[in-house]
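These numbers were taken from a predicted model, which means no experiment stands behind them. In the text below, chain A, chain B and the rest are named by the order of the sequence lines, each starting its count at 1.
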There are 2 protein chains.
Amino acid sequence: MARKIIENPNSCTLVHAMNIIGGKWKPIVIYILANGSLRFGKLLLFIPNISKKVLTEQLRELEEDQIIIRERFAETPPRVEYSLSKRGEALLPILRSLSEWTSTSFDTIEFETCKIVKL
Amino acid sequence: MARKIIENPNSCTLVHAMNIIGGKWKPIVIYILANGSLRFGKLLLFIPNISKKVLTEQLRELEEDQIIIRERFAETPPRVEYSLSKRGEALLPILRSLSEWTSTSFDTIEFETCKIVKL
DNA sequence: CTGAATCCATTTTGATACTG
DNA sequence: CAGTATCAAAATGGATTCAG
């Protein structure tokens, strides 16, 4: 039986989406920024167990994909604010759905990363 | 200012969801199985560039999280069918939303993994 | 304060050959 | 056919130190 290679737009877009939000901390960052812009130091507090390096990398990638916006203020000491872009905000309902899916589908969930810091 | 550690159920469930579907090939597997059950060999054809070993691992994990169902038939040669569970099916609308989000948010997407085999 | 640069540990992914 | 086993490669994660 002959086989034919075809394009599958659904898989393709799905893979792309996962590349963007599939990072270990990215959904958390997006979720936290949903409540408003934050500076680097605060994000670090909100996400325990993440190192500066990794947070920096994740933020860079999210910025490249235009999910978040990075605003640098020329002050001393320097201040940098991160916030969600329109594209990032469009992602929120989907992340909420994912969150709900987990809640309704699983009885128990436990992580270290469940704990976040409230200021 | 005092800081207090609290639980954040949203982040928690989100992280859990990403642990389950965040694997490199998992969303594709789920998407493909959405069209009906398939056996191992077919899945391998549908996902170019994936090795048997990796596909096996991903399927095992999806099975452990009860996203897919593995059915083994005692025949010769052996036959194994994979299909979506209820829990996995509940994920489909969300994956479709993700797919749509990518389509509307980005102009161009390109991957090697976009190509799948149609039988 | 923000984050770049190093160095190293761990995890993930893959190519290949082999088995019931 | 549907996997294992083994080895190797690559991506990712993280601790620490340095800099504007």
Side-chain angles (χ1 to χ4, degrees), chain A residues 1 3 11 15-16 18-29 32-33 37-65 68-83 111-113 115 117 119, chain B residues 1 3 11 15-16 18-29 32-33 37-65 68-83 111-113 115 117 119:
Chain A
M1 178 182 176
R3 276 186 266 109
S11 283
V15 174
H16 194 240
M18 295 309 296
N19 280 346
I20 291 174
I21 65 164
K24 183 172 175 183
W25 307 98
K26 288 180 182 176
I28 306 180
V29 170
I32 290 176
L33 288 182
S37 68
L38 276 179
R39 44 199 303 188
F40 186 82
K42 296 294 183 191
L43 273 172
L44 213 52
L45 288 176
F46 269 89
I47 312 173
N49 307 327
I50 194 175
S51 67
K52 280 201 238 178
K53 178 198 158 196
V54 174
L55 179 56
T56 301
E57 286 168 355
Q58 305 273 298
L59 289 172
R60 284 277 173 284
E61 291 177 17
L62 286 171
E63 191 196 358
E64 275 173 28
D65 294 323
I68 65 173
I69 297 168
R70 179 176 182 272
E71 224 178 337
R72 187 189 180 87
F73 299 90
E75 306 173 356
T76 35
R79 180 164 65 95
V80 180
E81 295 263 358
Y82 293 93
S83 58
F111 294 116
E112 342 70 55
T113 49
K115 297 184 188 303
V117 178
L119 298 180
Chain B
M1 177 180 175
R3 274 185 269 110
S11 284
V15 174
H16 193 241
M18 295 309 297
N19 280 346
I20 291 173
I21 65 164
K24 182 172 176 184
W25 307 98
K26 288 181 183 176
I28 306 180
V29 170
I32 291 177
L33 288 182
S37 69
L38 277 179
R39 43 201 302 188
F40 187 83
K42 295 294 182 191
L43 274 172
L44 212 53
L45 288 177
F46 270 88
I47 312 173
N49 306 329
I50 194 173
S51 67
K52 279 198 219 179
K53 180 196 155 200
V54 173
L55 178 56
T56 302
E57 286 167 356
Q58 305 272 300
L59 289 171
R60 286 278 174 281
E61 290 177 18
L62 286 171
E63 190 194 0
E64 274 173 29
D65 293 324
I68 65 174
I69 297 169
R70 179 176 182 273
E71 224 177 338
R72 186 188 182 87
F73 300 90
E75 308 172 356
T76 34
R79 180 164 63 98
V80 179
E81 294 265 357
Y82 292 93
S83 57
F111 294 115
E112 342 71 54
T113 49
K115 296 184 187 305
V117 178
L119 299 182

Who are the side-chain contact (heavy atoms from CB on, under 4.5 Å) partners of A:Glu64, not counting sequence neighbours?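 Per chain and number, A:Glu64 pairs via side-chain contact (heavy atoms from CB on, under 4.5 Å) with no residue.
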With B:Ile69, which residues qualify under side-chain contact (heavy atoms from CB on, under 4.5 Å), at least two apart?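 side-chain contact (heavy atoms from CB on, under 4.5 Å) list for B:Ile69, sorted by chain: B:Ser83, B:Ser85.
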Nearest heavy atoms of [X] and [Y], plus distance in Å:
X: A:Arg39; Y: A:Pro78; answer: NH2-O, 3.8 Å
X: B:Pro27; Y: A:Met18; answer: CG-CG, 3.4 Å
X: B:Ser37; Y: B:Glu81; answer: OG-OE1, 3.1 Å
X: B:Tyr82; Y: B:Leu33; answer: O-CD2, 3.4 Å

Start at the 5' end of DNA chain C and walk down; is the nucleotide closest to B:Lys52 or to B:Gln58 reached first?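 Of the two residues, B:Gln58 wins.
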Of B:Lys53 and A:Gly41, whose nearest nucleotide on DNA chain C comes first from the 5' end?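 Nearer the 5' end of the strand: A:Gly41.
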Going 5' to 3' along DNA chain C, which are the first and last nucleotides with any atom under 4.0 Å from a heavy atom of chain A?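 Nucleotide range with atoms under 4.0 Å of chain A: C:dC1 to C:dT6.
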Hey, does A:Glu81 reach any base, or is it just sugar-phosphate, or nothing, if we go heavy atoms under 4.0 Å?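 Since no nucleic acid heavy atom lies under 4.0 Å of A:Glu81, the category is nothing.
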At 4.0 Å (heavy atoms only), tell me whether B:Phe73 reaches a base, stays on the sugar-phosphate, or touches nothing.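 The answer is nothing, as B:Phe73 stays clear of every strand by at least 4.0 Å.
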Pair A:Leu59-A:Leu43, side chain to side chain contact (heavy atoms under 4.5 Å, CB included): steps then yes or no: CA-CA 10 Å; A:Leu59 289 172; A:Leu43 273 172; 4.0 Å; yes
Any residue meeting salt bridge (Lys or Arg N to Asp or Glu O under 4.0 Å) with A:Glu61, in chain and number order, not counting sequence neighbours: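 Here the qualifying residues are A:Lys26.
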Do the side chains of A:Ile28 and A:Ile50 get nearer than 4.5 Å, heavy atoms only?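 Of all side-chain heavy-atom pairs linking A:Ile28 with A:Ile50, none is under 4.5 Å.
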Can you find a pair of side-chain heavy atoms, one from B:Ile21 and one from B:Leu62, that are under 4.5 Å apart?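 Of all side-chain heavy-atom pairs linking B:Leu62 with B:Ile21, none is under 4.5 Å.
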Nearest 0.5 Å, what's the CZ-CZ distance between B:Arg70 and B:Phe40?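 Separation between the atoms: 9.5 Å.
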Return whichever of A:Gly23 or A:Arg72 has its heavy-atom-nearest nucleotide of DNA chain D closer to the 5' end.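 Going by which nucleotide is closer to the 5' end, it is A:Gly23.
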Difference in axis direction between the ends of the helix from C:dC1-D:dG20 to C:dG20-D:dC1, five pairs, 10°: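 The value is 50°.
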Boundaries of the chain A footprint along DNA chain D (any atom under 4.0 Å from a heavy atom):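 The protein-touched segment is D:dG13 to D:dG20.
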